[in-house]
Structure formats: C-alpha cells, structure tokens
Enquirer: 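Handing you a structure now.
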Amino acid sequence: MSETVITRFAPSPTGYLHIGGARTALFNWLYAKAKGGKMLLRIEDTDQARSTEGAILAILDGLRWLGIDWDGEPVYQLSRAERHREIAEQLLAAGHAYRCYATPEELQAMRERARAEGRAPGYDGTWRDRDHSDAPAGMTPAIRFKAPREGETVIEDRVQGRVVFANKDLDDLILLRSDGSPTYMLSVVVDDHDMGITHVIRGDDHLTNAARQTQIFKALGWETPIYAHVPLIHGPDGAKLSKRHGALGAEAYRAMGYLPAALRNYLVRLGWSHGDAEIMSTEEMISWFDLDAIGRSAARFDFAKLENLNGHYLRATPDAELIEHLKALIPDLPEGGSLAAQIGADGWQKLERAMPGLKERAKTLIELLDSAAFLFATRPLTLDDGALKQLDAQGRETLAALLPALQGVESWTPQALEACVRGFAEATGRKLGKVAQPLRAALTGRATSPGIFDVLEVLGRDEALGRIGDQVGLGHA
RNA sequence: GCCCCCUUCGUCUAAUGGUUAGGACGCCAGGUUUUCAACCUGGAAACAGGGGUUCAAUUCCCCUAGGGGGUACCA
C-alpha cells in the first residue's frame, strides 16, 4: 500500500513555457499518470515585478498544445500569501526565524567584503542573535530563517542519489521581505505541504534549494516530499540555453511546424530512456516511465533528431487530422492571412487529396505547406531554377509531343495517366524520367514533388493541361 | 572564490567486473525509383586524462581537466 502520488509543475510566469519547463511538465505528468496519481499546476507568481498575465497565458497554452493537462484549477501562489505569512510568524514564534534589519546597502557591502576576503558571500547572521531593541526606529524588518549552523542536510534524491550539504554553507535566507511579502523559498515549502505534494520533479538548478527547503520543512515539523532533480537541457552547442539559441517557447516549436506528439516523444528521450525504445506512444511512455531511468547528465537539444521524429509522426497522422493541424496553425504564421485566402475552401479539399503524397516527404508542417504551394498557384506558374532546367528546349519539345496524348486520356485517374505517359515514353523511345521531370516542372514549377501521376490527378484535367500548355507555348486555356 | 552535480560514437542514449561496447538521429556508400522523400543493405564513428583496487576494469575508489548549476528582500 502506498499513498497516492501527487506531483506538480510550478512555473514562474516571467516568460514563455521554454523547452526545459516543457520537459519538466512532461515528466511530472508522466509520473503522475504512471502511478495513477495527480499532477497539479502551481503558478509561482510571487515575484510581482516580473510576473505577467501574458506569460501565464503562454504557459497554459503551451501545456495544452503539448497535450499535458493538470488536475484541478491552477494554484496561484500569490493568492496564498496570507497563509505564507502566517507560517513565517509561526516560525518566528517558535524561534526558527528572526527579524533582520539590515538594509540592502549593508547586505551589498557585506557581500563585497566577503568576496574580497574570499569567504562565502551569504548573510553573516548579524541580526540572528542581536537583540530586538537594537532595531533602528521606524524600520520594518525582513524575517530570516534561522538555519542550522552545525551538521549537514541530506537530500535523498531519486535522480541524483544522496547529496550532502554542510549546513555551514547554507545561510539564513529571507522568509518574508520587509514589505511583508513571502519569498519563493517559504512559499514553495508551504504550498508543497498544503497541496499534499508527494514528489517534486524539477530542474537540477533547484538542487541547492532542496537543501534549504528541507531545513524549513524540518523546522516546521513537516515531512519533506520525495525529490527528483532532473538535469537541464543545453543548447545545440552545449552552452546554457539562452534566447539566442534554443531557448524557445512552446509556441515557437508549434510555429516551426512540429507536432505535439513528436515533441513529446523527443523530449521524453532527453534524459530518460527505456532500453532501445525510441518511438513510443503516449500510452507506452506512461506505462514505462519511472524516475530511476532518468539520467544524471545534461542533454543537448538536437533539431535534426526532432525533425526526423516529426517526419515520422507526420507520416503516421491521418490526413484529416493533419488538415486540422494546418488550419489551426496557419492563422499564426507570418504570412498566414494571405495564405489562407490563397487556399480557399476548394484548396483544402485539394490539399487533403494530395496529402498522402505530401506528408510522405515533409519533416514539418511548414515544409508540408511549402511543398503544397503548387496546388494553389495560379497560371502561369513561376518556375524555380530546378524547374527551369527541366524545361529546356528538349523538355518543352517532349511536353509538346506528350500533350495530345494526355488530352486523349478518357478517365483522369492516376492509373490511366500513368499508362498514357509510360506508353508515350516507350513509343517515342524516351526514358520515363525524361518525360516525368519536364512534366513535373510544368505542373508544379519545381523539380521535386509528390508522384507525378497523383499531381496530375489532383490538379484536375483542365488545370493540368493548361499548365502544360503554358510551357509549350499554347498558353491559355 | 565557495558549495553541489555531471563526463560512453558529432548528438540522444543502452549495457556490463571478462561483450566484436548495442540502438537511434546525423554522416558516407550502395540498392530501389518519374523527382524528392520514405524504405532496404553496408560503413566510418565513443568508454575525457592519470593513478589505484582486482586475475581482469568502460564498469568500483581517488585525483586532474572540462562542462553545468547554485551562491538575491528572483523563481
């Protein structure tokens, strides 16, 4: 018998849902699902100066897009400030905290001095034992935690193993700012306790915090949650993820044309593995996921692998579903408005019919859209360099000879069209490629496209013959 | 500076006190082919360095180097 697992994802709304946060959310979600537990969402907005409404929305949207849901309503940490203050008072009354009257300037000077003397830059504990009556008049103090000075604090981390911190290295942190607002360190402890969090799965940038939080839990006489500190994700060059490379929000990956399922699959394999399994369904992820299989070293973000996975998921997704993804995506693209107009109602039908050939070749939805451009192009087509090369004198001559044969095709089906073109090639002693390539260029304006007989069919008799005519000088139709 | 964590092919990773150190992406070659993809076959590619422990270390221990995180009245 074991208690129900309750995890939480606790982003601070100072920016978008970045890739590291997305993976943390995914791990929390998977673990909760794997254990039949719950994942709660807590918005850590206690830094009022940096938290924004827009960031909250971006994070919630990002999670929804990724297909990660949470149990109950999100908890806004700021709304619990009263409770946090109450606990700070309780700590103060119990002698586990004290009032600190040091000014920011004094603290700054203290740090500089410590640095100059080669000591730890933490708070020196000036007000720890100093009498209350020494307090400067008219000043509201901050409340500091009276951290233990002797001994050590041990974290039994499910990922990192046993991590030991000497208490002398952990200084007296602020619990309540002088304006009475609670700090992150206090709020996290109180909220994790009150929300009944059993497992804290988060980035290993919080490892030191786990030690500090453990001390607070102990002072309060509360049981600590089980910790699992996951290594961070680095940029492709191994450096810390920054806005300049890789630290993009979920919506950026969406805009680049990645599928949520592909991103989930990619992310779950960053730092976690299940034998040789690479491509796995969400159900498989849930049934296989466990904390013990999370590695301890940081991973680099590799777009090439994400693209490969995305291509796989693109091919595996039903055509109609891809259409839905595209319809949702287009309005958010830079040229989305004009593109939507260009496609029109009739274009979506053509797109769906051409989808089997299109999705086979694309790595992202953006590529898919790009390769579908010929469907919506209007005559006469603009030819790219590759197409121009195919449509040299010889190519045009071939098309001119082929045109009558195509005009004579009774039923405009891929099968009939293929029979016609192959027959033409054979009869005139040409290799099929010598016919198919100029044809492709004339029909799509490019040198690459889905199978040429499918292209002919999707375009329809009139449009296809018109495009060929344009290239052999019979332009108009 | 101090504290903590990490180190297997270019990248994500598997495995093991004795293996030809496995898979995936990427790359190269070949096949297939109406193009491009996809697909198939093959190939190059790794245990950071140095000490120990041991009959035997990639695996256990120590040191060095390199990388990362933390060190706020941010979260």
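All values reported here derive from a predicted model rather than from experimental measurement.
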Enquirer: Which value, in whole Å, describes the distance between the P atoms of nucleotides rG50(B) and rC36(B)?
Expert: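 It comes out at 47 Å once rounded to the nearest Å.
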Enquirer: Would you state whether a donor and an acceptor, one from the side chain of T208(A) and one from the base of rC3(B), lie under 3.5 Å apart?
Expert: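 By the distance-only test, no, there is no pair.
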Enquirer: Could you pull out the protein-nucleic contacts involving nucleotides 60-62 of chain B (nitrogen or oxygen on both sides, under 3.5 Å)?
Expert:
none

Enquirer: If the C1' atom of rC62(B) is compared with that of rU54(B), how far apart are they to the nearest Å?
Expert: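 These two C1' atoms come out 16 Å apart once rounded.
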Enquirer: For the P atoms, the ones on rA14(B) and on rA24(B), what distance do you get once it is rounded to whole angstrom?
Expert: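 Here rA14(B) and rA24(B) have their P atoms 15 Å from each other.
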Enquirer: So which protein N/O to nucleotides 6-8 of chain B N/O distances come out below 3.5 Å?
Expert:
none

Enquirer: Check ring pair (Phe, Tyr, Trp, His ring centres under 6.0 Å) between H199(A) and all other residues, then give those that pass, not counting sequence neighbours.
Expert: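 H199(A) satisfies ring pair (Phe, Tyr, Trp, His ring centres under 6.0 Å) with Y31(A) once adjacent residues are dropped.
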Enquirer: Judged by modelled atom types alone, do R430(A) and T398(A) share a side-chain donor-acceptor pair under 3.5 Å?
Expert: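 Yes - a donor-acceptor pair under 3.5 Å links their side chains.
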Enquirer: Check this one for me: any side-chain N or O of T14(A) less than 4.0 Å away from OP1 or OP2 of rA75(B)?
Expert: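 Checking T14(A) against rA75(B): no side-chain N or O falls below 4.0 Å of OP1 or OP2.
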Enquirer: Taking the P atom in each of rA45(B) and rC40(B), what is the distance between them to the nearest angstrom?
Expert: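 Taking atom P in both rA45(B) and rC40(B), they lie 23 Å apart.
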Enquirer: Identify, between P11(A) and A166(A), the residue whose nearest nucleotide on RNA chain B lies closer to the 5' end.
Expert: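 The 5'-side residue here is A166(A).
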Enquirer: Just how far, in rounded Å, is C1' of rU13(B) from CG of L270(A)?
Expert: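 That distance rounds to 10 Å.
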Enquirer: I'd like to know if the side chain of D172(A) and the backbone of A147(A) have a donor-acceptor N/O pair within less than 3.5 Å.
Expert: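 Checked: pair present.
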Enquirer: Using the C1' atom on both, measure rC12(B) against rG26(B) and round to a whole Å.
Expert: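 Straight-line distance between the two C1' atoms is 11 Å.
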Enquirer: What does A102(A) touch in the nucleic acid at a heavy-atom separation under 4.0 angstrom: a base, only the sugar-phosphate, or nothing?
Expert: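 Here A102(A) touches the bases of the nucleic acid.
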Enquirer: Does one side chain, of D191(A) or H84(A), offer a donor that lies under 3.5 Å from an acceptor on the other?
Expert: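 On atom types as modelled, these side chains qualify, holding a pair under 3.5 Å.
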Enquirer: Could you tell me whether D385(A) atom CG has more than 12 heavy atoms of other residues or ligands within 6.0 Å of it?
Expert: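 Counting neighbours around CG of D385(A), 12 or fewer heavy atoms of other residues, nucleotides or ligands fall under 6.0 Å, so no.
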Enquirer: What is the distance from CG of D205(A) to C1' of rA72(B), rounded to the nearest Å?
Expert: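 Distance, rounded to whole Å: 15 Å.
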Enquirer: Which sits closer to the 5' end of RNA chain B, T46(A) or G295(A), going by the nucleotide each is nearest to?
Expert: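 Final value for this comparison: G295(A).
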Enquirer: Spell out protein contact along nucleotides 22-43 of chain B as letters: B when the base is contacted, S when just the sugar-phosphate is, - when no protein heavy atom is under 4.0 Å; keep the 5' to 3' order.
Expert: BBBSS-------BBBBS-----
Enquirer: May I ask you to say what R446(A) touches in the nucleic acid, namely base, sugar-phosphate or nothing, with a heavy-atom cut-off under 4.0 Å?
Expert: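 Here R446(A) touches no strand at all.
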Enquirer: NA contact type, H206(A), heavy-atom cut-off 4.0 Å: base, sugar-phosphate, or nothing?
Expert: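 Answer is base: heavy atoms of H206(A) come under 4.0 Å of a base.
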Enquirer: How long is the line joining CD of E152(A) and C1' of rC3(B), in whole Å?
Expert: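 E152(A) atom CD is separated from rC3(B) atom C1' by 13 Å.
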Enquirer: Nearest whole Å is fine: how far is rA75(B) C1' from L186(A) CG?
Expert: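 L186(A) atom CG is separated from rA75(B) atom C1' by 14 Å.
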Enquirer: Closest approach to the side chain of H234(A), judged atom by atom: which nucleotide of rC2(B), rA75(B), rG67(B) is it?
Expert: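 The listed nucleotide nearest to H234(A)'s side chain is rG67(B).
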Enquirer: Under 6.0 Å between ring centres: does that hold for Y313(A) and Y258(A)?
Expert: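 Not under 6.0 Å, so no.
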Enquirer: Nearest to the L232(A) side chain among rC73(B), rG68(B), rU11(B), which nucleotide is it?
Expert: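 Among rC73(B), rG68(B), rU11(B), the one nearest the side chain of L232(A) is rG68(B).
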Enquirer: Check whether any side-chain nitrogen or oxygen of S273(A) sits under 4.0 Å from OP1 or OP2 of rA14(B), and answer yes or no.
Expert: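 Affirmative; the distance criterion is met.
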Enquirer: For nucleotides rU33(B) and rG68(B), find the distance between their C1' atoms and express it as a whole number of Å.
Expert: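 Between the two C1' atoms, the distance is 48 Å.
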Enquirer: Other residues, nucleotides and ligands only: do more than 12 of their heavy atoms fall within 6.0 Å of CD on E156(A)?
Expert: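 Counting neighbours around CD of E156(A), more than 12 heavy atoms of other residues, nucleotides or ligands fall under 6.0 Å, so yes.
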Enquirer: Quick check on K434(A): does its NZ atom have over 12 non-hydrogen neighbours (other residues, nucleotides or ligands) under 6.0 Å away?
Expert: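 No, the 6.0 Å shell around NZ holds no more than 12 heavy atoms from other groups.
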Enquirer: Taking only residues two or more places apart in sequence, or in another chain, which ones meet F9(A) in a ring pair (Phe, Tyr, Trp, His ring centres under 6.0 Å)?
Expert: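 Expected list: none.
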Enquirer: Just by distance, with hydrogens left out, do T444(A) and R446(A) show a side-chain donor and acceptor under 3.5 Å apart?
Expert: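 No pair is found: no donor N or O on one side chain lies under 3.5 Å from an acceptor on the other.
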Enquirer: Mind checking whether Y227(A) and F217(A) have ring centres under 6.0 Å apart?
Expert: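 That pair fails the under 6.0 Å test.
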Enquirer: Would you check if there is a donor-acceptor pair between the side chains of Q215(A) and R212(A) at a distance under 3.5 Å?
Expert: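 No, Q215(A) and R212(A) have no side-chain donor paired with an acceptor closer than 3.5 Å.
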Enquirer: Using the C1' atom on both, measure rG52(B) against rG70(B) and round to a whole Å.
Expert: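 My reading of the C1' atoms in rG52(B) and rG70(B) gives 32 Å.
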Enquirer: V188(A) near the nucleic acid: base, sugar-phosphate alone, or nothing, with a heavy-atom cut-off under 4.0 Å?
Expert: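 If one applies the 4.0 Å heavy-atom cut-off, V188(A) turns out to touch nothing in the nucleic acid.
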Enquirer: Using whole Å, what does the distance between atom P of nucleotide rG70(B) and atom CD1 of I155(A) come to?
Expert: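 Distance check: I155(A) CD1 to rG70(B) P gives 16 Å.
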Enquirer: What do the steps show when you test K305(A) against E278(A) for salt bridge (charged side-chain N to carboxylate O under 4.0 Å, His left out), and what is the final call?
Expert: CA-CA 11 Å; K305(A) 188 156 183 177; E278(A) 292 287 347; 3.3 Å; yes
Enquirer: Using the six-membered base ring of rA14(B), report whether H274(A) stacks on it, requiring centroids under 5.5 Å and planes under 30° apart.
Expert: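 No, the aromatic ring of H274(A) does not stack with the base.
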Enquirer: In this structure, how many angstroms lie between the P atom of rG67(B) and the CZ atom of F301(A), rounded?
Expert: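 F301(A) atom CZ is separated from rG67(B) atom P by 23 Å.
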Enquirer: If the condition is ring pair (Phe, Tyr, Trp, His ring centres under 6.0 Å), which residues does W70(A) pass it with, not counting sequence neighbours?
Expert: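 Ring pair (Phe, Tyr, Trp, His ring centres under 6.0 Å) list for W70(A), sorted by chain: empty.
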Enquirer: Whole angstroms only, please: what is the CG-P distance between N209(A) and rA72(B)?
Expert: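 These atoms are roughly 11 Å apart.
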Enquirer: Distance between the C1' atoms of rU16(B) and rA57(B), in whole angstroms?
Expert: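 That atom pair is separated by 11 Å.
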Enquirer: Round to a whole Å and report the spacing from CZ of R8(A) to P of rA75(B).
Expert: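 It works out to 14 Å between those atoms.
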